[in-house]
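These numbers come from the heavy atoms of this one structure, side chains and all, not from hydrogens, waters or symmetry mates. First listed ligand is number 1; within each ligand, the first listed atom is number 1. FYI, the numbering just counts along the sequence from 1.
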Amino acid sequence: MTTRMPFVGGNWKMNTTMATATELAAAIRRDTADLVRSCDIVLCPPFPYLPAVAGELAGGGLMLGAQDVSSEPDGAFTGQVSASMLTDVGANVSIIGHSERRRYNAETDDGINNKVRMALDSALWVVLCIGETLEQRKAGNAIEVILQQLRHGLMDVPADQMRQLVVAYEPVWAIGTGMTATPADAQEAHRMIRFELKTLYDGGLADSTRIIYGGSMNASNAAELLGCEGIDGGLIGGASLKSDEFVKICSIAAEQYQSKQPCEGTPAP
Ligand code: 13P
């Protein structure tokens, strides 16, 4: 039985308006009041709506996250947002290394590592995203790719800061496509990530680090994925924009917390 508290994030990406963002945050806050003790829940709206969403979430036990953060502390970096600006407006988490930023903003593993270290040093929690493309999976390189992203993303991150870090395994081909990884494939990737954390740090740290899954997770497939030992939550895109759907995923994560079983077809570690 796992002792890791589940972690569910809503990545709203470049969606919502001021009105719909605050409405969505208020509805999720209202309907997760009973869940926040058994599931860490973070909402990640677009930057301009962070302060307003912070207002809606105040005192409700949910966390507020940004979708990215600068690796620089301040200065002439047009368009960037620093970690201290995020904490200033009430954010306590940042997603870093999302595949959409790797792809559309040419983010590299080096740049991502700089962001991870800056965020952790600024007391933000980090959701570090890693995942392979379909071509990489078809070529049989999925595990090699994600472990390389993991090792690079965590370079020079000391063990005592890993408490602030959640790893999100998000296979690129599953994001926004309606295609999820099979539970056994996702579980195998999570198992390899955890094993790598053991190599990089130690067994205790590998056991306590949350590894969550992202890619077309919704209220209908969440139970199957979140029921797998080693899948400690989800990073949700499309389904996080509907409060009922997102709250259902959070409640499934909270329920599964005490009753994890290895998935059929997955070899024991
Ligand atoms: P979807 O849930 O829309 O596939 O997006 C997943 C994701 O990218 C979360 O960061």
Side-chain angles (χ1 to χ4, degrees), residues 6-16 20-21 24-25 28 39-47 49-50 53 62-69 86 91 93-105 107 112 115-116 119 124-134 136-137 142 145-146 149-150 153 165-183 185-186 189-190 193 210-226 228 231-253:
F7 184 104
V8 178
N11 177 6
W12 296 357
K13 307 193 178 184
M14 200 168 70
N15 294 298
T16 68
T20 60
L24 181 58
I28 292 171
C39 183
D40 282 333
I41 302 170
V42 57
L43 304 186
C44 305
F47 284 128
Y49 307 139
L50 282 167
V53 171
L62 283 84
M63 289 181 287
L64 180 66
Q67 298 172 18
D68 183 35
V69 62
L86 295 180
V93 181
S94 181
I95 296 172
I96 297 180
H98 193 282
S99 63
E100 286 152 13
R101 293 205 58 85
R102 292 178 191 259
R103 180 168 175 203
Y104 303 125
N105 298 77
E107 292 208 4
I112 288 163
K115 290 181 178 196
V116 167
L124 285 171
W125 282 31
V126 168
V127 178
L128 172 62
C129 300
I130 57 178
E132 82 286 359
T133 63
L134 191 55
Q136 290 164 334
R137 172 157 285 265
V145 166
I146 60 178
Q149 291 173 344
L150 182 75
L165 190 134
V166 173
V167 178
Y169 169 57
E170 297 206 302
V172 178
W173 47 272
I175 295 177
T177 58
M179 282 195 295
T180 48
T182 64
D185 279 348
H190 285 225
I193 293 166
R210 270 89 58 94
I211 305 173
I212 64 176
Y213 169 83
S216 297
M217 191 187 281
N218 56 41
S220 311
N221 60 28
E224 199 181 20
L225 288 158
L226 297 174
C228 294
I231 300 183
D232 304 318
L235 189 57
I236 321 298
S240 72
L241 296 168
K242 298 172 211 138
S243 66
D244 288 358
E245 184 115 0
F246 184 70
V247 170
K248 180 85 184 50
I249 297 169
C250 295
S251 73
I252 291 168

Taking distance alone, with N or O pairs closer than 3.5 Å, would you say [X] contacts ligand 1?
{"X": "G238", "result": "yes"}
{"X": "E170", "result": "yes"}
{"X": "N11", "result": "yes"}
{"X": "A239", "result": "no"}

Once rounded to the nearest 0.5 Å, what's the spacing between atom [atom1] of [X] and atom [atom2] of [Y]?
{"X": "L86", "Y": "F47", "atom1": "CG", "atom2": "CZ", "result": "6.0 Å"}
{"X": "L225", "Y": "I231", "atom1": "CG", "atom2": "CD1", "result": "5.5 Å"}
{"X": "L226", "Y": "I252", "atom1": "CG", "atom2": "CD1", "result": "7.0 Å"}

#### Entry: N/O donor-acceptor pair under 3.5 Å between R102 side chain and G97 backbone
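Yes, the answer is positive, given that a donor and an acceptor are paired below the 3.5 Å cut-off.
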### Task
Check for a donor-acceptor pair, side chain of D232 on one end and backbone N or O of I211 on the other, with a separation under 3.5 Å.
yes
Numbered atoms and elements of ligand 1 in range of [X], under 4.0 angstrom, heavy atoms:
{"X": "S216", "result": "1 (P), 2 (O), 4 (O)"}
{"X": "G176", "result": "1 (P), 3 (O), 4 (O)"}
{"X": "G215", "result": "4 (O), 6 (C)"}
{"X": "A174", "result": "4 (O)"}

Counting only pairs under 3.5 Å, give me each side-chain donor-acceptor contact of residues 212-222, with atom names and distances, residues two or more places apart or in other chains.
| unit_1 | atom_1 | unit_2 | atom_2 | d |
| --- | --- | --- | --- | --- |
| Y213 | OH | A181 | N | 3.0 |
| Y213 | OH | G215 | O | 3.0 |
| S216 | OG | A174 | O | 2.7 |
| S216 | OG | T177 | N | 3.4 |
| S216 | OG | G178 | N | 2.8 |
| N218 | OD1 | S220 | N | 2.9 |
| N218 | OD1 | N221 | N | 2.9 |
| N221 | OD1 | N218 | N | 2.8 |
| N221 | ND2 | S216 | O | 2.9 |

### Query
Among protein heavy atoms, which sits nearest to atom 2 (O) of ligand 1, and what does the distance come to when rounded to 0.1 Å?
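Checking every protein heavy atom, the shortest distance to atom 2 (O) of ligand 1 gives G237 N, 2.9 Å.
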### Query
Which is closest to atom 5 (O) of ligand 1 by heavy-atom distance: K13, E100, H98?
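Considering heavy atoms of K13, E100, H98, the nearest to atom 5 (O) of ligand 1 sits in K13.
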### Query
Checking side-chain hydrogen bond (donor to acceptor under 3.5 Å, both in side chains) for the pair Q67/H98: CA distance, chi angles, key distance, verdict?
CA-CA 8 Å; Q67 298 172 18; H98 193 282; over 6 Å; no
